[in-house]
K.L.:
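Can you read through this structure? Questions will come right after.
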2 protein chains.
Amino acid sequence: MTAKTRTYGDACGIARALDVLGSRWAMLVIRELLFGPLRFSDLERALPGASTNMLSYRLRELTDSGVITRRRLSPPASSAVYELTDWGREVEPILNDLGSWGLRVSKPDPATLSPTSVLLFLRGGAKVDPKTPDMVFRLVIDERVFAVSLHAGHVKVVSTEPDVPDATLECDPGTVNDLLSGEIDLETAIDTGRATIDGDQSKLRILIASVADEV
Amino acid sequence: MTAKTRTYGDACGIARALDVLGSRWAMLVIRELLFGPLRFSDLERALPGASTNMLSYRLRELTDSGVITRRRLSPPASSAVYELTDWGREVEPILNDLGSWGLRVSKPDPATLSPTSVLLFLRGGAKVDPKTPDMVFRLVIDERVFAVSLHAGHVKVVSTEPDVPDATLECDPGTVNDLLSGEIDLETAIDTGRATIDGDQSKLRILIASVADEV
DNA sequence: CCGCATCCGTTTCGATACTG
DNA sequence: CAGTATCGAAACGGATGCGG
């Protein structure tokens, strides 16, 4: 059954992009894959509200149109993962811009927040003074480990274990977001048990402050 | 009946943007409004395939969320127009990027092409040598007049009558597109009656060539 | 003609249940 | 874990009609 998706039938590049990315959940699936390959169930967890049904269908569509690929992991762990193709990775700046634009939309009331969203926000929102000394953090959100590094005023976020981090911060996505948007401060987060810190707390404070200023 | 649109229920900026722009035709409506206010029927013509039904609903939604405004024209012409708010105008760069990304998607078979799409393409695709002398054109597509100017290697497209154009080009959207993408040349277009030219043809040729090179 | 409401068939989506 | 099957609900597309 060849998926004859509904098309805009418009030769414009925008319409053609939407023919591929315009259906519900498509862009959010891509958002989730921005920090590396994920399994079906990872996506399911990151996108509650998307039915398994929809997910598998969208994944097939995106695979067919060449935005993502399905790959089987090597023998020991024999599960399948989905990952962005080179072309798919090129939507990242678009999603970033869309994300900044969307900040002016009021938050939905019961709101989820995936680790990925927060990390994108961190990466995109930070404009740090280039004279700030370099630093590396180990960020643990929802069991997933990320290396967050500050180098020459540029924030980098990668989905790996950092070597020699200056500090480790472990907490849930909501807390990271509240910290970055300045809604709570680090002390409160620690005291209320929402965050666990290990290492150089002052450096972490610098990073957080620089992002919070932007917002 | 307050439009309680389906929401992603996700606090991420991307998801919130999609709560507003994610439904079918929404972004294309915005695309059409990028060059200035339009009436309901103008939108209808530019977006065949969108039912009047859908259009009026989308327009209300976009108005409610503050992306566009509805304004009544002054007395003589007492019709209403829709136009982007400042915030709405900020999606332009996003749509441009989306448009470039989407060029790699194969064209739908029976494909329409609105004047707006072509002009966006013209504006976005042209990287002209800054040493090229300035020029101004009068472009007439589907009865709509635009001023296309080349100044210091930058292409500007505005929806107004230009004063003192170097040349006038009148044709349908498809032809402009074919010219810009190098699929036909100016001579052929004129000979086959697809384009009508008045004024300095050589200058027009320079503009066209510089865009076609990009593609 | 313009802006929209209404009716109706089709497609897409969402929730739950169920299988390899 | 990684999806498919099923089914009701919502969104969409097309046609028509109606008051400015």
Side-chain angles (χ1 to χ4, degrees), chain A residues 1-10 15 18-29 32 37-63 68-73 75-83 110 112 143, chain B residues 1-10 15 18-29 32 37-64 68-73 75-83 108 110 112 143:
Chain A
M1 201 216 303
T2 26
K4 30 146 105 195
T5 305
R6 205 186 296 193
T7 171
Y8 283 110
D10 187 327
L18 292 173
D19 278 341
V20 169
L21 307 178
S23 32
R24 204 163 159 72
W25 294 106
M27 294 205 200
L28 295 187
V29 166
E32 286 308 316
L38 291 179
R39 288 167 304 177
F40 189 91
S41 51
D42 297 324
L43 289 167
E44 208 177 343
R45 210 170 315 116
L47 304 171
S51 57
T52 63
N53 196 344
M54 159 103 302
L55 246 164
S56 85
Y57 190 62
R58 227 27 28 118
L59 287 170
R60 194 200 319 289
E61 277 185 336
L62 289 172
T63 304
I68 65 178
T69 348
R70 188 193 141 106
R71 185 164 51 92
R72 212 157 204 99
L73 290 182
S78 79
S79 68
V81 292
Y82 296 89
E83 79 187 311
T112 63
E143 332 257 271
Chain B
M1 200 216 301
T2 25
K4 25 146 108 195
T5 305
R6 199 156 19 181
T7 171
Y8 284 109
D10 187 325
L18 291 173
D19 278 342
V20 169
L21 306 178
S23 32
R24 205 164 159 72
W25 295 105
M27 295 204 200
L28 295 187
V29 166
E32 286 307 316
L38 291 180
R39 288 166 303 177
F40 188 89
S41 50
D42 296 325
L43 288 167
E44 209 177 343
R45 211 170 313 117
L47 304 170
S51 54
T52 64
N53 189 347
M54 157 102 306
L55 247 170
S56 84
Y57 190 62
R58 241 358 56 103
L59 288 170
R60 194 200 319 291
E61 278 184 335
L62 289 172
T63 304
D64 288 350
I68 64 177
T69 347
R70 188 192 142 105
R71 185 164 51 91
R72 206 149 212 105
L73 290 182
S78 79
S79 69
V81 291
Y82 297 88
E83 79 186 310
T112 63
E143 332 257 273

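Letters A, B, ... are given to chains in the order of the sequence lines, protein chains preceding strands, and every chain is numbered from 1.
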K.L.:
Rounded to whole Å, please give me the gap between CZ in A:R60 and P in D:dG3.
P.N.:
9 Å

K.L.:
I'd like a table of donor-acceptor pairs (distance under 3.5 Å, sequence neighbours excluded) in which one partner is a side-chain atom from residues 43-55 of chain A, with atom names and distances.
P.N.:
| unit_1 | atom_1 | unit_2 | atom_2 | d |
| --- | --- | --- | --- | --- |
| A:S51 | OG | A:M54 | N | 3.3 |

K.L.:
Which part of the nucleic acid, if any, lies within reach of A:R70 when heavy atoms closer than 4.0 Å are counted: base, sugar-phosphate only, or nothing?
P.N.:
sugar-phosphate

K.L.:
Taking side chain to side chain contact (heavy atoms under 4.5 Å, CB included) as the test, write out the residues that go with A:R39, two or more places apart.
P.N.:
A:S41, A:D42, A:S79, A:V81

K.L.:
Do B:R70 and B:L59 touch side chain to side chain, with heavy atoms closer than 4.5 Å?
P.N.:
no

K.L.:
If I take atom CD in residue A:E61 and atom P in nucleotide C:dT11, what distance separates them, rounded to the nearest angstrom?
P.N.:
15 Å

K.L.:
Among residues at least two apart in sequence or on other chains, which ones pass salt bridge (charged side-chain N to carboxylate O under 4.0 Å, His left out) with B:R24?
P.N.:
none

K.L.:
Consider the side chain of B:R24, meaning its heavy atoms from C-beta on, and name the nucleotide among D:dT4, C:dG14, D:dC12 that approaches it most closely.
P.N.:
D:dC12

K.L.:
Test of understanding: with side chain to side chain contact (heavy atoms under 4.5 Å, CB included), list the residues that count as partners of B:T69, not counting sequence neighbours.
P.N.:
B:E83, B:T85

K.L.:
List in chain and number order the residues that pass side chain to side chain contact (heavy atoms under 4.5 Å, CB included) with A:M27, two or more places apart in sequence or in another chain; answer none if no residue qualifies.
P.N.:
A:L18, A:L21, A:L95, A:L98, B:L18, B:M27

K.L.:
Which distance, rounded to the nearest 0.5 Å, do you find between the OH of B:Y82 and the CZ of B:R60?
P.N.:
8.5 Å

K.L.:
Between the two ends of the helix from C:dC1-D:dG20 to C:dG20-D:dC1, what is the bend in degrees, rounded to 10 degrees, where each end axis spans five pairs?
P.N.:
30°

K.L.:
Base, sugar-phosphate or nothing for A:A80? Non-hydrogen atoms, less than 4.0 Å.
P.N.:
sugar-phosphate

K.L.:
Look for any protein N or O under 3.5 Å of an N or O in nucleotides 5-10 of chain D and output each such pair with its distance, or none.
P.N.:
| unit_1 | atom_1 | unit_2 | atom_2 | d |
| --- | --- | --- | --- | --- |
| D:dT6 | O4 | A:N53 | ND2 | 2.6 |

K.L.:
Quick one: which of C:dC13, D:dA2, C:dC4 gets closest to the side chain of B:F40?
P.N.:
C:dC4

K.L.:
NA contact type, A:R72, heavy-atom cut-off 4.0 Å: base, sugar-phosphate, or nothing?
P.N.:
nothing

K.L.:
Please state how far atom CD in B:E44 lies from atom P in C:dC2, giving the value in whole angstrom units.
P.N.:
8 Å

K.L.:
Please check the phosphate of D:dG13 (OP1 and OP2 only) for any side-chain N or O of B:W25 closer than 4.0 Å.
P.N.:
yes

K.L.:
Excluding sequence neighbours, so at least two apart, what forms side-chain hydrogen bond (donor to acceptor under 3.5 Å, both in side chains) with B:T112?
P.N.:
none

K.L.:
Between D:dC12, C:dC4, D:dT4, which nucleotide has the shortest distance from any of its atoms to the side chain of A:S56?
P.N.:
D:dT4

K.L.:
Can you sort out the partners of A:T63 under side chain to side chain contact (heavy atoms under 4.5 Å, CB included), two or more places apart, ordered by chain and number?
P.N.:
A:I68

K.L.:
What's A:S51 touching, base or sugar-phosphate or nothing? Going by heavy atoms closer than 4.0 Å.
P.N.:
base

K.L.:
To the nearest Å, give me how far apart CG (A:L43) and C1' (D:dA2) are.
P.N.:
12 Å

